[in-house]
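Contents: one structure, followed by commentary.
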Amino acid sequence: MQIRHQTIETNGIRMHVAEAGEGPAVLLCHGFPEAWHSWRHQMVALAAAGYHAIAPDMRGYGETEAPASVADYTILHLVGDMVGLLDALRIDQAVIAGHDWGAPVAWNAALLRPDRFRAVAGLSVPYAPRGPTSAFEMLRRAGRHRFYQIYFQAPGVADNELRRDPLVTLRRTFFTLSGDVPEAQRWNPDLPEGGFLASLAEPAALPAWLPEAELALYAETYRRTGFRGGLNWYRNIARNWELMAPFAGARVRVPGCFIAGRRDPVLGWAGRAVEALPQTVPDLRGTTLIETAGHWVQQEAPAEVNAALLGFLKGL
């Protein structure tokens, strides 16, 4: 299946977009530290099933522009990028799917613009309405001052650590958060004093789902771009909580589904949000937990994810 590439103008930035197939639009939002090609298996399957698969390099990633200001990476910027992408492609409506950080973009796009995003699929990260206390405040009250998202806040610190050797950073990150990591090496998000890389295991061999060529492609991308763009998403977590005050407790009203690997460490702190999805997403059409997969679910278990996504789409 041929994948087409173009650069569009959206929301004040230039964005690289990969596309495959023709038909109803399905917009795929990647997370950290990934790129559009984390959706390569889904793009082929969606195109073959008669859909128009659209996978951008998100703001700050890959061949898409990375604004200098941290304040240019709020959830409103990220949702605005997706609305502008539809405008640039002259598409009235799309189903939106997101993985990792792309999942909050997808959930909030469906929340804020249900006229443009007619359904939503969240992978790995469930929808969680804005609560009365910010996530960082709750972490600090719990004494979790080494939680990785807090470590990512200071500009330049994690940026320099992760960029020192992108191949090592990505190899360890993909392995340690996957379903392939041994139980004794499972990731702890409360980091040791050594930093982020010190929390990650070095694999004896790459998992079968991550070929050398694919890892090399990721590493080549991050050698060129660094990790600053993606880290700036984390640096807006507190700002996002403030900006979303008008939507405190709001529910996602369009049809939704949730897909995750049962060995995903995110489920360790997001389990309550998963259990609450029938209330927070009243038209939830299903939750799929894949037994052997970890955090990189659409790459680790593409057949299972494709089946869940296509089943969801056909039911709309």
Side-chain angles (χ1 to χ4, degrees), residues 1-8 10 15-64 78-89 91 93-110 113 116-125 127 209 214 217-218 221 230 233 254-261 288 293 295-314 316:
M1 182 66 64
Q2 184 180 8
I3 294 180
R4 313 181 297 275
H5 297 267
Q6 65 169 310
T7 299
I8 63 162
T10 173
M15 175 170 280
H16 167 244
V17 180
E19 300 172 81
E22 303 292 342
V26 182
L27 178 55
L28 305 165
C29 306
H30 70 77
F32 178 86
E34 296 176 285
W36 73 266
H37 50 88
S38 67
W39 293 105
R40 60 198 179 280
H41 304 296
Q42 288 67 47
M43 294 185 74
V44 172
L46 288 166
Y51 295 95
H52 178 188
I54 307 162
D57 279 334
M58 303 293 282
R59 176 179 289 243
Y61 286 90
E63 297 178 47
T64 290
L78 304 174
V79 171
D81 292 346
M82 298 302 97
V83 173
L85 185 157
L86 294 189
D87 290 344
L89 298 181
I91 295 171
Q93 283 192 323
V95 175
I96 189 166
H99 169 253
D100 183 78
W101 249 114
V105 176
W107 292 121
N108 282 288
R113 293 301 304 268
R116 304 301 301 274
F117 301 102
R118 64 189 182 95
V120 55
L123 281 67
S124 296
V125 178
Y127 175 62
W209 58 270
E214 184 62 30
L217 181 60
Y218 275 116
T221 297
W233 291 38
V254 302
C257 74
F258 179 66
I259 304 168
T288 302
H295 185 62
W296 320 104
V297 62
Q298 80 270 36
Q299 298 184 79
E300 295 181 57
E304 294 91 334
V305 169
N306 293 347
L309 275 177
L310 290 172
F312 173 62
L313 291 167
K314 289 174 183 175
L316 297 176

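Computed from heavy atoms alone, side chains included, the values below leave out hydrogens, waters and symmetry copies.
- Between Y61 and W36, every side-chain heavy-atom pair lies at or beyond the 4.5 Å cut-off.
- L78 contributes atom CG, which lies 7.0 Å from atom CH2 of W101 (distance to the nearest 0.5 angstrom).
- Using modelled atom types and a 3.5 Å distance limit, the side chains of E19 and H52 yield a donor-acceptor pair.
- Taking all atoms of both residues into account, the shortest heavy-atom contact from A97 to A106 is C-CB, 3.9 Å.
- Shown here for Y218 and A35, the closest heavy-atom pair between the two residues is CE2-N, 3.9 Å.
- Contact annotation: the side chain of I91 never approaches that of L27 to less than 4.5 Å [non-hydrogen atoms, C-beta and beyond].
- Across all non-hydrogen atoms, the minimal contact from P255 to L316 is CB-CD2, 3.7 Å.
- Across A293 and A301, no two heavy atoms sit closer than the pair CB-CB, 4.3 Å.
- In this structure, the side chains of V95 and P24 stay at 4.5 Å or more apart for every pair of heavy atoms.
- Between V17 and I54 there is a side-chain heavy-atom pair separated by less than 4.5 Å.
- H5 and E63 share no side-chain donor-acceptor pair at under 3.5 Å.
- Between atom CE of residue M15 and atom OG1 of residue T64 there is a gap of 5.0 Å, rounded to the nearest 0.5 Å.
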Report the C-alpha separation of C29 and I96 in whole Å, then their side-chain angles, then the decisive distance to 0.1 Å, and conclude whether the side chain to side chain contact (heavy atoms under 4.5 Å, CB included) test is met. CA-CA 8 Å; C29 306; I96 189 166; 3.8 Å; yes
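- The CD atom of Q2 lies 11.0 Å from the CE atom of M43; values are rounded to the nearest 0.5 Å.
- A donor-acceptor contact shorter than 3.5 Å links the side chain of T10 to the backbone of D81.
- Residues W233 and M58 have side chains in contact (heavy-atom distance under 4.5 Å, counting atoms from C-beta outward).
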Begin from the C-alpha positions of E214 and W209 and carry the test side chain to side chain contact (heavy atoms under 4.5 Å, CB included) through to its verdict. CA-CA 9 Å; E214 184 62 30; W209 58 270; over 6 Å; no
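- Listed here is the closest heavy atom pair of M82 and P56: CE-CG, 4.3 Å.
- Residues H99 and W296 form a side-chain contact, since some pair of their non-hydrogen atoms from C-beta on lies under 4.5 Å apart.
- Judged by distance alone, the side chains of Q299 and E34 do bring a donor and an acceptor atom under 3.5 Å apart.
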Start with the C-alpha distance between L309 and Y51, add both sets of side-chain angles, then the distance that settles side chain to side chain contact (heavy atoms under 4.5 Å, CB included), and finish with yes or no. CA-CA 12 Å; L309 275 177; Y51 295 95; over 6 Å; no
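- In terms of heavy atoms, S124 sits closest to V297 at OG-CG1, 3.9 Å.
- Put simply, the side chain of W39 reaches to within 4.5 Å of the side chain of L123, judged on heavy atoms.
- Here the side chains of P104 and V125 are in contact, with some heavy-atom distance below 4.5 Å.
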Test side chain to side chain contact (heavy atoms under 4.5 Å, CB included) applied to L89 and Q6, step by step: CA-CA 10 Å; L89 298 181; Q6 65 169 310; 3.4 Å; yes
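- There is a side-chain donor-acceptor pair under 3.5 Å between H295 and D100.
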